[in-house]
S.K.: 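Have a look at this one before I ask anything.
Quick caveat, the model's predicted, so the values are computed rather than measured. What's counted below: heavy atoms across the whole structure, side chains too, no hydrogens, waters or symmetry copies.
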Amino acid sequence: QVRLVESGGGSVQTGGSLRLSCAASGSILSFNAMAWYRQAPGIRRELIASVLSGGDTNYADSVKGRFTISRDNAKNTLYLQMNNLLPGDTAVYYCAAGASLPAISTSYYHPGKASASWGQGTQVTVSS
């Protein structure tokens with residue numbers, strides 16, 4: 001199974017920017033869907049951005065216009081450019097990849113019922 005490793009998290013002030021990277025141990029060409037999730041303490045893990053193999057992207061309303069997801073198949077890497085960060089963006093950010101977005105979601109909420117790859121997470125903290 002392809003392993004995913006996130007990097008680029010850190011602490012910034014409100015209005016700052018960060019770029020998260022998610023490096024895969026193998027080719028990401030087999031993944032039809034790749035996504036970024038985040039989870040704040042006591043809150044359900046949420047899907048915030050996704051990109052399909054054809055290039056279609058989608059964003060949660062909370063990050064639309066501020067975050068940009070992209071994938072570089074040649075470098076086997078998924079990115080998340082985060083601009084105009086707000087304290088509400090503070091969370092652990094996870095990348096995930098699978099055959100489809102429903103498969104990715106099912107792999108998390110119903111382990112064993114679908115297969116997907118997840119990273120270990122990277123902390124993003126935004127101070128006011």
Side-chain angles (χ1 to χ4, degrees):
Q1 188 175 16
V2 175
R3 292 188 299 110
L4 304 176
V5 179
E6 302 96 337
S7 61
S11 297
V12 296
Q13 292 188 325
T14 296
S17 297
L18 285 172
R19 188 194 195 201
L20 304 184
S21 297
C22 172
S25 61
S27 175
I28 63 173
L29 288 175
S30 62
F31 295 127
N32 290 327
M34 300 190 76
W36 287 97
Y37 285 71
R38 70 184 181 187
Q39 188 167 21
I43 297 179
R44 181 184 176 98
R45 187 172 296 191
E46 62 170 337
L47 172 65
I48 58 169
S50 63
V51 58
L52 304 182
S53 56
D56 290 344
T57 59
N58 210 344
Y59 299 92
D61 288 343
S62 58
V63 306
K64 196 173 295 183
R66 300 187 297 122
F67 290 11
T68 302
I69 188 172
S70 61
R71 60 188 285 176
D72 187 331
N73 292 332
K75 295 184 178 179
N76 295 318
T77 302
L78 179 72
Y79 301 100
L80 186 68
Q81 177 66 43
M82 306 187 294
N83 298 328
N84 192 21
L85 283 160
L86 304 170
D89 295 319
T90 296
V92 178
Y93 284 69
Y94 301 88
C95 65
S100 67
L101 289 177
I104 292 173
S105 178
T106 299
S107 74
Y108 176 71
Y109 289 107
H110 304 284
K113 292 192 175 182
S115 177
S117 296
W118 286 85
Q120 83 290 347
T122 185
Q123 176 71 45
V124 171
T125 302
V126 185
S127 59
S128 57

S.K.: With a cutoff of under 4.5 Å between side-chain heavy atoms, which Ile, Leu, Val, Met, Phe, Trp and Tyr residues group with I43?
M.R.: none
S.K.: Please list all pairs meeting salt bridge (charged side-chain N to carboxylate O under 4.0 Å, His left out) that have one or both residues in residues 45-60, counting only residues at least two apart or in different chains.
M.R.: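 Salt bridge (charged side-chain N to carboxylate O under 4.0 Å, His left out) check on residues 45-60 returns R38-E46.
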S.K.: In the hydrophobic cluster built from side-chain contacts under 4.5 Å, what are the other members alongside V92?
M.R.: Y37, L47, L52, Y94, L101, I104, Y108, Y109, W118
S.K.: If you measure from CD on Q39 to CD1 on I48, what distance do you get to the nearest 0.5 Å?
M.R.: 12.0 Å
S.K.: May I ask you to test the W36-L78 pair for a side-chain heavy-atom distance under 4.5 Å?
M.R.: yes
S.K.: Between S115 and S107, which heavy-atom pair has the shortest distance, and what is it?
M.R.: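 Taking S115 first and S107 second, the nearest heavy atoms are C-CB, 4.3 Å.
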S.K.: Drop me the distance from L4's CG to S117's OG, to the nearest 0.5 angstrom.
M.R.: 5.0 Å
S.K.: Specify the closest pair of heavy atoms between Q123 and T90, including all atoms of both residues, with the distance to one decimal.
M.R.: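 Result for this residue pair: NE2-CG2, 4.0 Å.
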S.K.: If we ignore hydrogens and angles and just use 3.5 Å, is the side chain of Q1 paired with the main-chain N or O of A116 as donor and acceptor?
M.R.: yes
S.K.: L80 and L86: same hydrophobic cluster, using ILVMFWY side-chain contacts below 4.5 Å?
M.R.: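 No, because L80 and L86 fall into different hydrophobic clusters, even though each may have its own neighbours under 4.5 Å.
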S.K.: Should S50 and M34 count as side-chain neighbours, where that means a heavy-atom distance under 4.5 Å?
M.R.: no
S.K.: Looking at residues at least two apart in the chain, or sitting in another chain, which of them share a side chain to side chain contact (heavy atoms under 4.5 Å, CB included) with V124?
M.R.: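 Once residues adjacent in sequence are excluded, the partners of V124 under the side chain to side chain contact (heavy atoms under 4.5 Å, CB included) criterion are L18, L20, M82, Y93, V126.
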S.K.: F67 versus I69: any side-chain heavy-atom pair under 4.5 Å?
M.R.: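 The answer is no, as the side chains (C-beta and beyond) never meet within the 4.5 Å cut-off.
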S.K.: Suppose the criterion is side chain to side chain donor-acceptor pair (under 3.5 Å): which pairs have a residue in residues 11-30, not counting sequence neighbours?
M.R.: S17-N83
S.K.: Could you work out, with salt bridge (Lys or Arg N to Asp or Glu O under 4.0 Å) as the rule, every residue matching K75, not counting sequence neighbours?
M.R.: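 For K75 there are no salt bridge (Lys or Arg N to Asp or Glu O under 4.0 Å) partners, ignoring immediate neighbours.
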S.K.: Please identify each residue that fulfils salt bridge (Lys or Arg N to Asp or Glu O under 4.0 Å) with R66, with sequence neighbours left out.
M.R.: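 Partners of R66 by the salt bridge (Lys or Arg N to Asp or Glu O under 4.0 Å) criterion, ordered by chain and then number, come out as D89.
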S.K.: Keeping to residues at least two apart or across chains, list the ring-ring contact (aromatic ring centres under 6.0 Å, His included) pairs with something in residues 38-66.
M.R.: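 For residues 38-66: none.
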S.K.: Test F31 against V51 for side-chain contact (heavy atoms from CB on, under 4.5 Å), laying out the working first.
M.R.: CA-CA 10 Å; F31 295 127; V51 58; over 6 Å; no
S.K.: What residue pairs, at least two apart or across chains, pass salt bridge (charged side-chain N to carboxylate O under 4.0 Å, His left out) with a residue in residues 109-118?
M.R.: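 Counting only pairs at least two positions apart or across chains, no salt bridge (charged side-chain N to carboxylate O under 4.0 Å, His left out) contact touches residues 109-118.
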S.K.: Test: disulfide bond (SG atoms under 2.5 Å apart). Region: residues 15-62. Which pairs qualify, not counting sequence neighbours?
M.R.: C22-C95
S.K.: Tell me every residue that passes side chain to side chain contact (heavy atoms under 4.5 Å, CB included) with N73, counting only those two or more places apart in sequence or in another chain.
M.R.: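 Residues passing side chain to side chain contact (heavy atoms under 4.5 Å, CB included) with N73: I28, L29, R71.
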